[in-house]
**Student:** 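Submitted below is the structure of interest, expressed as structure tokens.
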There are 2 protein chains.
Amino acid sequence: MYSLAEENYIKTIFHLQQTKSGAVSTNAIADSMDTKASSATDMVQKLADKKVLSYVKYKGAQLTEKGKKIATRIVRKHRLWEVFLVDKLGFHWDEVHEIAEQLEHIHSTELIKRLDTFLGSPAFDPHGDPIPDEHGNFIKTEKKLLSQLNKSQSGVCVGVKESSPEYLQYLDKKKISIGTKINVLGKEFFDGSMVIEVGRDQFFVSKKIADNLYVQTT
Amino acid sequence: MYSLAEENYIKTIFHLQQTKSGAVSTNAIADSMDTKASSATDMVQKLADKKVLSYVKYKGAQLTEKGKKIATRIVRKHRLWEVFLVDKLGFHWDEVHEIAEQLEHIHSTELIKRLDTFLGSPAFDPHGDPIPDEHGNFIKTEKKLLSQLNKSQSGVCVGVKESSPEYLQYLDKKKISIGTKINVLGKEFFDGSMVIEVGRDQFFVSKKIADNLYVQTT
DNA sequence: ACTATTTTTTAGTCTAGGCTAAAAAATAAC
DNA sequence: GTTATTTTTTAGCCTAGACTAAAAAATAGT
């Protein structure tokens with residue numbers, strides 16, 4: 001059994017490994033956990049003793065298979081609970097992260113098995129992120145900003161970068177929500193603006209709009 | 001916000017106050033928490049500083065109104081989660097305590113509000129214990145052993161004392177489960193055996209049977 | 001009422017996880 | 001290839017919460 005602090009470190013390292021490949025530095029860990037590098041070093045050394053990760057001084061840490069298994073179990077719990085909060089309790093998808101952050105540390109394999117069944121074994125969470133199965137396998141998807149797509153590419157909306165009420169209301173008005181398919185019909189290289197297709201509607205979006213919408217390309 | 005340890009102390013003191021009235025001793029707290037009296041003393045002093053309870057050296061602790069409010073909120077959460085685990089996830093009522101013990105510490109008033117609605121604002125948990133409302137008010141019920149009832153008294157089954165598979169199977173066979181109404185038709189003072197009525201059936205139960213069944217009298 | 005026993009508190013220590021400041025290694029700059 | 005700078009680690013300290021052993025208060029036995 002791992003402590004709350006240990007689980008949070010493992011999860012953070014896992015997420016950092018997903019984006020930047022190779023070993024992750026203690027500074028990177030500390031930054032993304034809002035703590036100090038010295039604390040991260042201590043914990044990384046402790047987790048290395050427990051064979052959760054491999055650690056080379058001054059080089060960084062890398063989760064072992066054991067560590068990855070622990071991490072995916074936490075991610076699985078986090079995302080299943082998010083589905084519960086949104087689908088069953090009616091939370092909006094941008095309100096659930098903090099609560100899931102707590103729920104992901106509840107220890108009970110039976111609970112997760114039953115929760116998964118209760119929710120219909122969902123493959124994605126409300127933000128469009130894939131939910132690992134009980135063996136830790138999950139569909140690897142690429143999450144980009146809409147602004148990174150080019151003409152005639154398409155993606156499915158999976159989230160927003162900065163969620164102000166104004167922006168969310170704009171999306172609402174344009175009928176864009178999680179799961180909405182978006183086709184890029186044209187892109188202006190001068191200012192990065194685009195013409196996109198949503199359902200049967202076609203319209204213009206500024207770079208600012210496109211810079212704050214995450215899409216998933218399969 | 002209170003730490004996990006603080007919440008557990010507050011909850012324990014609350015439960016001890018329910019049974020034995022008056023101040024509760026640090027030893028009683030330590031016993032029921034599987035810790036040492038010195039640890040309990042330390043924590044009680046800390047909680048007294050925070051005005052959660054009043055504490056007189058060598059005399060014991062008593063929750064203040066503030067403390068009681070905190071305690072009932074935790075109890076409310078615990079019992080709502082138990083209803084969730086049994087009603088929605090299909091756990092058996094004697095498997096849920098440990099999990100609820102973890103879930104009761106999740107912090108989010110919105111979550112509890114929504115969970116309550118989702119469950120249909122239940123008044124009792126799967127063990128027959130009353131669930132406090134959002135203001136901390138709850139129906140006070142008396143939970144006794146079946147063997148404590150006398151002739152022509154009646155109660156509703158709310159739990160078992162020691163739950164062996166054999167005993168649970170016996171109850172099953174006799175169609176006794178949580179919520180079943182039991183009338184005591186006769187009681188033999190010599191050996192404590194009884195004749196009881198369950199539904200339309202009337203039958204004999206030994207003292208041993210009656211000693212392990214909790215009933216609630218309203 | 002005085003001693004013996006039990007209960008409760010205090011004093012001092014330990015571990016987990018943080019932190020700051022200083023030292024050491026790695027990297028960058030000439 | 002030295003020196004300067006940045007990154008990372010070490011050393012030492014702090015707090016929460018637990019523990020043990022000793023002291024102090026309360027209770028019981030005569």
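In what follows, chains carry the letters A, B, and so on, assigned in the order in which the sequence lines appear, proteins first and then strands, with residues in each chain numbered from 1.
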**Student:** Identify every side-chain donor-acceptor pair in residues 124-134 of chain B under 3.5 Å, counting partners at least two apart or on other chains, and give the distances.
**Tutor:**
{"from": "B:Asp125", "atom 1": "OD1", "to": "B:His127", "atom 2": "N", "distance (Å)": "2.7"}
{"from": "B:Asp125", "atom 1": "OD1", "to": "B:Gly128", "atom 2": "N", "distance (Å)": "3.0"}
{"from": "B:Asp125", "atom 1": "OD1", "to": "B:Asp129", "atom 2": "N", "distance (Å)": "3.0"}
{"from": "B:His127", "atom 1": "ND1", "to": "B:Glu82", "atom 2": "OE1", "distance (Å)": "3.0"}
{"from": "B:His127", "atom 1": "NE2", "to": "B:Trp93", "atom 2": "O", "distance (Å)": "2.8"}
{"from": "B:Asp133", "atom 1": "OD1", "to": "B:His135", "atom 2": "N", "distance (Å)": "2.8"}
{"from": "B:Asp133", "atom 1": "OD1", "to": "B:Gly136", "atom 2": "N", "distance (Å)": "3.0"}
{"from": "B:Asp133", "atom 1": "OD1", "to": "B:Asn137", "atom 2": "N", "distance (Å)": "3.0"}

**Student:** Near DNA chain D, counting only heavy atoms under 4.0 Å, which residues of residues 31-40 of chain B show up?
**Tutor:** B:Thr35, B:Lys36, B:Ser38, B:Ser39
**Student:** For A:Ala23, which residues count as a side-chain contact (heavy atoms from CB on, under 4.5 Å) partner, sequence neighbours excluded?
**Tutor:** A:Gln62
**Student:** In this structure, how many angstroms lie between the C1' atom of C:dA16 and the CD atom of A:Glu6, rounded?
**Tutor:** 9 Å
**Student:** Scan residues 48-59 of chain B against DNA chain D and write down, sorted by residue number, each residue with any heavy atom closer than 4.0 Å; if none is found, say none.
**Tutor:** B:Tyr58
**Student:** Tell me the side chain to side chain donor-acceptor pair (under 3.5 Å) pairs involving residues 49-60 of chain A, sequence neighbours left out?
**Tutor:** A:Glu6-A:Lys50
**Student:** Check ring pair (Phe, Tyr, Trp, His ring centres under 6.0 Å) between A:His105 and all other residues, then give those that pass, not counting sequence neighbours.
**Tutor:** none
**Student:** What is the distance from CG of B:Asp42 to P of C:dT9, rounded to the nearest Å?
**Tutor:** 10 Å
**Student:** Is there a residue in residues 8-30 of chain A whose heavy atoms reach under 4.0 Å of DNA chain D, and which residues are they?
**Tutor:** A:Ser25, A:Thr26, A:Asn27
**Student:** Using whole Å, report how far CD of B:Gln45 lies from P of C:dT8.
**Tutor:** 13 Å
**Student:** For A:Asp211, check salt bridge (charged side-chain N to carboxylate O under 4.0 Å, His left out) against everything at least two apart and list the hits.
**Tutor:** A:Lys207
**Student:** Please set out all donor-acceptor pairs under 3.5 angstrom arising from side-chain atoms of residues 111-121 of chain B, sequence neighbours excluded.
**Tutor:**
{"from": "B:Arg114", "atom 1": "NE", "to": "B:Glu110", "atom 2": "OE2", "distance (Å)": "2.8"}
{"from": "B:Arg114", "atom 1": "NH1", "to": "A:Leu89", "atom 2": "O", "distance (Å)": "2.8"}
{"from": "B:Arg114", "atom 1": "NH1", "to": "A:Gly90", "atom 2": "O", "distance (Å)": "2.9"}
{"from": "B:Arg114", "atom 1": "NH2", "to": "B:Glu110", "atom 2": "OE2", "distance (Å)": "3.4"}
{"from": "B:Asp116", "atom 1": "OD2", "to": "B:Ser121", "atom 2": "OG", "distance (Å)": "2.9"}
{"from": "B:Thr117", "atom 1": "OG1", "to": "B:Lys113", "atom 2": "O", "distance (Å)": "3.0"}

**Student:** Checking side-chain polar atoms at under 3.5 Å, does B:Asn27 have a donor or acceptor matched by the opposite partner on B:Ser25?
**Tutor:** no
**Student:** The criterion is salt bridge (charged side-chain N to carboxylate O under 4.0 Å, His left out); which residues satisfy it with B:Lys187, sequence neighbours excluded?
**Tutor:** none
**Student:** Considering residues at least two apart in sequence or located in another chain, which fulfil the salt bridge (charged side-chain N to carboxylate O under 4.0 Å, His left out) criterion with A:Glu7?
**Tutor:** none
**Student:** For B:Glu98, what residues pass the salt bridge (charged side-chain N to carboxylate O under 4.0 Å, His left out) criterion, not counting sequence neighbours?
**Tutor:** none
